[in-house]
Undergrad: 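Let me begin by handing over the structure; questions about it come next.
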There are 2 protein chains.
Amino acid sequence: MMTTPADATTEQRTPLNRERVLRAAVEVADGGGIESLTMRNLAQHLGVEAMSLYYHVANKEALLDGVVEVIVSEIREAVASDEGPDPEEGWKTAMRTRILTARTVLLRHRWAPEVIEKRSTMSPAIVLYYEGVLEIFRKGGFSYDLAHHALHALGSRALGFTQELFQPDGNADEQVGEEMLAEMANELPHLFGMLSEIAHDDPDSTLGWCDDQAEFEFGLDLMLDGLERVKESR
Amino acid sequence: MMTTPADATTEQRTPLNRERVLRAAVEVADGGGIESLTMRNLAQHLGVEAMSLYYHVANKEALLDGVVEVIVSEIREAVASDEGPDPEEGWKTAMRTRILTARTVLLRHRWAPEVIEKRSTMSPAIVLYYEGVLEIFRKGGFSYDLAHHALHALGSRALGFTQELFQPDGNADEQVGEEMLAEMANELPHLFGMLSEIAHDDPDSTLGWCDDQAEFEFGLDLMLDGLERVKESR
DNA sequence: ACCTGAACACCGTTCAAGT
DNA sequence: ACCTGAACACCGTTCAAGT
């Protein structure tokens, strides 16, 4: 029995390409976390043998570079399509909305910040993104020198993330409990005081876990306000 | 031939313990980077079989947790022994010197920031370190609420590091060359302008690579000045 | 109490070979 | 041009066993 192109059975198989491999890699990471992104697992997800991937991608390093490209491109599209305020009047709000837009993309790919930070080779997409950030600074009247400092100061915050050092641990058991709080009182008086007050102000916060979004914006505004002041004073 | 305790041959072997395993792990990472820190390699470094490590450490995760403890303890010792200015008069300089001291330790273990950031479980040493940071804020007159925001805003900066997104790539070939700069002019006009100016101001900077320490301090001061302002205005 | 040998499941990757 | 099978070196880890 011959299989014609129009054959309705499921045996059609569009050949792989780099693009499809990278998109699938993002899917795999979205679904099962970054540690589930192995060459073998990715291949299986694509209905192919692991070795086939090496035809489209040099090795795993290159795969991860490509994955970063996909994510940062998604950020650039999001940023391009929501057209914030004109940077010429109000660079600060223009920057702010851009960065918070970028952040919404990263919140859909929570594994991505870690991967982005580990790649030290600067990818084209990231360079393009920072070109846009720099454009806003320039249109807002920053000197190149100050804008340069600003890029360093912002760091990954410009892309919409900071790595939180204290993460809400997956299992709820490890939350700070009443007894543990009491135990802290002697050894860690200041942290004890702080967490007690936070727990009092917001009893729903399960003690000490915080609104990441609000904290991100607080830190971001601190930076942006600081940059504004430095700019005025020069 | 019997081997007495006083035997001068090299066959003495102090038994392992958790402490020695962790210290050796730091040594291995210092010497060959974090990717050289495998159970087998660490064991060899200690003159022992890989499986012996599991007697002293539950698994590799626990090993890395322990390694973070060692590093952060080293930070705490450094910070304790250099006794900065009294936080009651001048929390800002107290904080600044503490953080820059912490940074000197991390510069001796360049692989450590990455490991610290990946551990989401909050280790005792880190908690103790942040207790000290919080103490400075409190003695400087911060409310718990503002101090809490401040801890989030500082993030890993409080420990002395930020992950630079654009790293000076190991091989000098990849430096931004003249031709590459020219190529940028159309696609990346603002980055082109910025790098040109930086190259002009500091011809030794091999185009675009920057003084990490100066940039770290710039960002840190931005944060600290911003916190001071917010504090005054409340 | 402390260490080991053999073995397992799972990585990334090479290479020669298939269609 | 695109994909595969077999094989290799190297992971972390278990388990039963040695002293």
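Computed from a predicted model, the values in this text were never measured in an experiment. Just so it is clear: chains get the letters A, B, ... in the order the sequence lines come, proteins before strands, and each one is counted from 1. Because only heavy atoms are used, hydrogens play no part in the values below, and waters and symmetry mates are left out as well, while side chains stay in.
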Undergrad: Any side-chain N or O of H56(B) below 4.0 angstrom from OP1/OP2 of dA1(C)?
TA: no
Undergrad: What integer distance in Å separates N59(A):CG from dT13(C):P?
TA: 5 Å
Undergrad: dT4(C) P sits how many Å from Q44(B) CD, rounded?
TA: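 Q44(B) atom CD is separated from dT4(C) atom P by 13 Å.
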Undergrad: Please work out if M39(B) contacts a base, only the sugar-phosphate, or nothing of the nucleic acid, heavy-atom cut-off 4.0 Å.
TA: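 Sugar-phosphate contact only.
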Undergrad: Just name whichever nucleotide pairs with dT13(D), Watson-Crick or G-U, keeping both distances under 3.5 Å, else none.
TA: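 With both distances under 3.5 Å, dT13(D) matches dA7(C).
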Undergrad: Rounded to the Å, how far apart are L63(B) CG and dT13(D) C1'?
TA: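 Answer to the nearest Å: 14 Å.
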Undergrad: What's the OH-P distance between Y54(A) and dA17(C), to the nearest Å?
TA: 21 Å
Undergrad: With DNA chain C as reference, determine whether N17(B) or R40(B) sits nearer its 5' end, using the nearest nucleotide of each.
TA: N17(B)
Undergrad: Mind checking the CD-NE2 spacing from E217(A) to H149(B)? Nearest 0.5 Å is all I need.
TA: 11.5 Å
Undergrad: Rounded to whole Å, please give me the gap between CG in L46(A) and C1' in dT4(D).
TA: 15 Å
Undergrad: Considering every strand and a 4.0 Å limit on heavy-atom distances, what is the contact class for S52(B): base, sugar-phosphate, or nothing?
TA: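 Base contact - S52(B) has a heavy atom under 4.0 Å of at least one base atom.
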Undergrad: dT4(D) P sits how many Å from L53(A) CG, rounded?
TA: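 Interatomic distance, CG of L53(A) to P of dT4(D): 10 Å.
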Undergrad: For the pair T162(A) (side chain) and R157(A) (backbone), establish whether a donor and an acceptor sit closer than 3.5 Å, ignoring hydrogens and angles.
TA: no
Undergrad: From the set dT4(C), dC11(C), dT13(C), return the single nucleotide nearest to any side-chain atom of T38(A).
TA: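 Among the listed nucleotides, the one closest to the side chain of T38(A) is dC11(C).
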Undergrad: Between atom CD in E61(A) and atom C1' in dT13(C), what is the gap in whole Å?
TA: 13 Å
Undergrad: Are the side chain of Y130(A) and the backbone N or O of L191(B) linked by a donor-acceptor pair below 3.5 Å?
TA: no
Undergrad: Look at the side chain of K60(B) and decide which nucleotide, out of dC2(C), dG12(D), dA6(C), has an atom nearest to it.
TA: dG12(D)
Undergrad: Does this structure show an ion pair linking E27(B) with R23(B), if we count only N-O contacts that are shorter than 4.0 Å?
TA: no
Undergrad: Which of these nucleotides, dT4(D), dT13(D), dT4(C), is closest to any side-chain atom of E49(B)?
TA: dT4(C)
Undergrad: Could you state the CZ-C1' distance from R20(B) to dA1(C), rounded to the nearest angstrom?
TA: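 R20(B) atom CZ is separated from dA1(C) atom C1' by 15 Å.
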Undergrad: dC2(D) pairs with which nucleotide, Watson-Crick or G-U wobble, both distances below 3.5 Å?
TA: dG18(C)
Undergrad: Look at Y55(A) and dC2(D) and indicate whether a side-chain polar atom (N or O) is within less than 4.0 Å of OP1 or OP2.
TA: yes
Undergrad: Taking R119(A) for the side chain and E61(A) for the main chain, is one N or O donor matched with an acceptor at less than 3.5 Å?
TA: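 Between the backbone of E61(A) and the side chain of R119(A) there is a qualifying donor-acceptor contact (under 3.5 Å).
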